[in-house]
Amino acid sequence: MSMAVVGLVAGMALGFAGYFGGFGAFLLVAALGAIGFVVGRFLDGDLEPGDFFRPRGRPGDRDRSRDRDRDRDR
């Protein structure tokens, strides 16, 4: 099944939930769909549990922490 078809089905499910169940049902279906997506990626092996807890390293972060440490030592 292509990603376009999956997106179509997800959009239709959200549309039906919003029309028949109101905005609360729409949010519930959207949240459960997002959780299902993450679990599916995890089970496929595309995600690892550590991916949610590892800090993202940005090149400038190290420089800022070094400057902060240097300023604190003065």
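Remember, predicted model here, so these are calculated numbers, not experimental data.
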Worksheet entry | Nearest non-hydrogen partners of Ala25 and Ala17, listed with the distance | CB-O, 3.7 Å
Fill in: Sub-4.5 Å side-chain heavy-atom contact between Phe42 and Val38
no
Fill in: Pairing residues for Phe37 by the side chain to side chain contact (heavy atoms under 4.5 Å, CB included) criterion, not counting sequence neighbours
Arg41
Discussion item. Val39: which residues meet the side chain to side chain contact (heavy atoms under 4.5 Å, CB included) condition with it, sequence neighbours left out?
Written reply: Ile35, Leu43
Flag yes if [X] and [Y] sit in one hydrophobic cluster, no otherwise; membership is Ile, Leu, Val, Met, Phe, Trp, Tyr, and two members link when side-chain heavy atoms are under 4.5 Å apart.
X: Phe20; Y: Val29; result: no
X: Leu8; Y: Phe16; result: yes
X: Leu14; Y: Leu27; result: yes

Practice prompt. Could you note down all residue pairs passing side-chain hydrogen bond (donor to acceptor under 3.5 Å, both in side chains) where residues 12-22 supplies at least one of them, sequence neighbours left out?
Written response: none
